[in-house]
Structure formats: C-alpha cells, structure tokens
Amino acid sequence: MEREWVVEESVAIEAGPRAVYAAVADLRRTREWSPEVFATWIRGRAVRPGMKFVGFNRLGWRVWFTTCEVTVAVPGEAFAFRVSSFGIPVALWGYRIEDVGGGDAARTRLTEYWEDLRRGTRGAGLVSLLGKVFTGVPAAERAALNRTGMQATLGRIKAGVERG
C-alpha cells in the first residue's frame with residue numbers, strides 16, 4: 001500500500017463561516033474537538049500567524065507534546081498551523097472554511113486537512129522514529145489514524161457550533 005502524505009475530510013455545518021472559524025481558531029477548545037489533544041498551552045491571546053502554542057496529546061497510555069505555530073488565520077476563511085517536534089517539521093494541520101449557504105441559509109463547508117512533513121528534510125527519519133516511540137503509530141499508518149480522528153473532530157465541531 002502506498003503511503004498517504006495528505007489527508008482531508010469535510011463536513012457541512014448549519015452556521016455561518018465566522019462562527020465556524022471562531023470554533024476552530026479557539027485553540028483552548030481543541031481538546032473538545034480532537035480525540036488526541038487533551039490540553040494546549042498558548043502564548044498570547046491574539047490568534048495570528050506566528051503565534052506559538054504547545055499541544056499535549058494522548059493515545060491510550062502514551063502521552064506526548066508538540067510545538068506548533070499558526071501559519072494562517074483568516075476569519076471566516078482559513079486557519080492552519082505547522083507542527084514540529086524538537087525543531088523538526090512533523091505536519092501541517094489546517095481548516096478551509098467555505099460559505100455554501102444559499103439565500104437566507106447559513107451553511108458552511110468545513111474541511112480539515114493534514115500534510116505529513118516528515119519527508120525530504122533533514123531529520124525526517126529521526127522525527128518519524130520519535131513519532132513511533134512516543135505515539136506507538138508508525139509514520140506509514142499515521143494518515144489512516146488521522147482520517148478517523150478528523151471524522152470525529154469534524155463531527156464534534158459540527159455538533160458544538162450548531163448547538164451555539
């Protein structure tokens with residue numbers, strides 16, 4: 001089986017793009033949405049490119065952290081961040097937000113995407129090995145796990161935003 005380097009999943013949400021953006025860009029709420037993230041430590045309040053935060057993650061009994069930097073923060077349109085471990089690029093995570101409502105209906109398509117950055121860079125092999133040690137998931141299996149996690153995340157975001 002060929003390794004997947006990019007994964008994306010989408011969901012339609014009965015809310016406007018700004019409400020959807022507010023949910024995904026509020027990093028303190030990530031633990032509500034993600035099946036892996038259980039806490040975030042954030043530097044500063046303003047969500048903008050260059051803002052840094054630390055994500056604390058759990059899979060079963062395994063716990064690890066990653067350092068992250070916001071790369072895109074456009075209200076109502078897009079939010080993304082780059083993940084690294086010990087200064088080595090690991091992944092790019094992001095959300096595309098598209099207004100698909102017609103007329104008076106507020107409806108948004110939210111697409112979550114992930115790109116594995118553990119290729120073609122110095123340290124890619126090391127960070128892949130560290131990923132397996134800390135998470136228990138070989139790099140080649142990470143895309144499938146993330147796809148399942150994205151489906152859960154998007155379902156939780158949808159439910160949370162639609163509840164208001």
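The aromatic rings of F65 and F56 sit tilted, their planes meeting at an angle between 30° and 60°.
Hydrophobic clustering of Ile, Leu, Val, Met, Phe, Trp and Tyr side chains at less than 4.5 Å, counting indirect connections, unites I42 with V47. With hydrophobic clusters built from ILVMFWY side chains whose heavy atoms lie under 4.5 angstrom apart, V100 does not share a cluster with I13. M150 and V37 are members of different hydrophobic clusters when ILVMFWY side chains are connected at heavy-atom separations under 4.5 Å. Hydrophobic cluster membership differs between V7 and L92, with clusters built from Ile, Leu, Val, Met, Phe, Trp and Tyr side chains linked at under 4.5 angstrom. Under the 4.5 Å side-chain heavy-atom criterion for Ile, Leu, Val, Met, Phe, Trp and Tyr, W64 and V83 are members of the same hydrophobic cluster.
For T135 (side chain) and G131 (main-chain N/O), a donor-acceptor pair under 3.5 Å exists by modelled atom type. The backbone N or O of R109 lies less than 3.5 Å from no partner atom in the side chain of E98, so there is not a single donor-acceptor pair. The main-chain N or O of A139 is never found under 3.5 Å from a side-chain atom of K132 such that the two would form a donor-acceptor pair.
The shortest side-chain heavy-atom distance between L59 and L145 falls under the 4.5 Å cut-off. Taking the side chain as every heavy atom from C-beta outward, V127 and S85 approach each other to under 4.5 Å. Looking only at side-chain heavy atoms (C-beta outward), I157 and V11 stay at 4.5 Å or farther from each other.
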**Request:** Applying side-chain contact (heavy atoms from CB on, under 4.5 Å), run through E4 and R147 and close with a yes or a no.
**Result:** CA-CA 11 Å; E4 282 186 278; R147 183 177 304 284; 2.8 Å; yes

**Asked** Can you list the steps and then say if I88 with L126 is a side-chain contact (heavy atoms from CB on, under 4.5 Å)?
**Response** CA-CA 9 Å; I88 304 168; L126 174 61; 3.9 Å; yes

**Message:** The test is side-chain contact (heavy atoms from CB on, under 4.5 Å); show your working for V74 and Y21 and say whether it passes.
**Reply:** CA-CA 8 Å; V74 181; Y21 175 86; 5.6 Å; no

**Item:** Check against side-chain contact (heavy atoms from CB on, under 4.5 Å), N57 and V63
**Value:** CA-CA 6 Å; N57 309 284; V63 176; over 6 Å; no

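In this structure, the separation between CZ on F53 and OG1 on T66 is 7.0 Å, given to the nearest 0.5 Å. Note: E14 CD to E162 CD = 5.5 Å, rounded to the nearest 0.5 Å. Atom CH2 of W5 sits about 9.5 Å away from atom CG of L117, to the nearest 0.5 Å. Distance check: R45 CZ to M51 CE gives 9.0 Å after rounding to the nearest 0.5 Å. Between the CH2 atom in W33 and the CG atom in L27 there is a gap of 12.0 Å [rounded to 0.5 Å]. How far CG of L154 is from CG of L110: 5.5 Å, rounded to the nearest 0.5 Å.
Aromatic ring centres of Y113 and Y95 lie farther apart than the 6.0 Å criterion allows.
Minimum heavy-atom separation, F79 to A25: CD1-CB, 3.9 Å. In terms of heavy atoms, R118 sits closest to P89 at CG-O, 3.9 Å. The two atoms that bring A15 and T108 nearest to each other are O-OG1, 2.6 Å, heavy atoms only. Residue F81 comes nearest to C68 through the heavy atom pair CD1-CB, 4.0 Å, listed as atom of the first residue, atom of the second, then distance. When every heavy atom of V90 is checked against every heavy atom of D116, the shortest pair comes out as O-OD1, 3.5 Å. Nearest heavy-atom pair, A91 versus W114, reported as atom, atom and distance to 0.1 Å: CB-NE1, 3.3 Å.
Between E69 and R82 there is no salt bridge, since no side-chain N of the basic residue sits under 4.0 Å from a carboxylate O of the acidic one. A salt bridge does not link R107 with D99: every distance from a Lys NZ or Arg NE/NH1/NH2 to an Asp or Glu carboxylate oxygen is 4.0 Å or more.
Residue E36 forms a salt bridge (Lys or Arg N to Asp or Glu O under 4.0 Å) with just one option from R142, R62, R58, R31, and that option is R142. Between R96 and the options E8, E9, E112, a salt bridge (Lys or Arg N to Asp or Glu O under 4.0 Å) holds for only E8.
Side chain to side chain, T67 and S84 meet the donor-acceptor criterion of an N or O pair below 3.5 Å.
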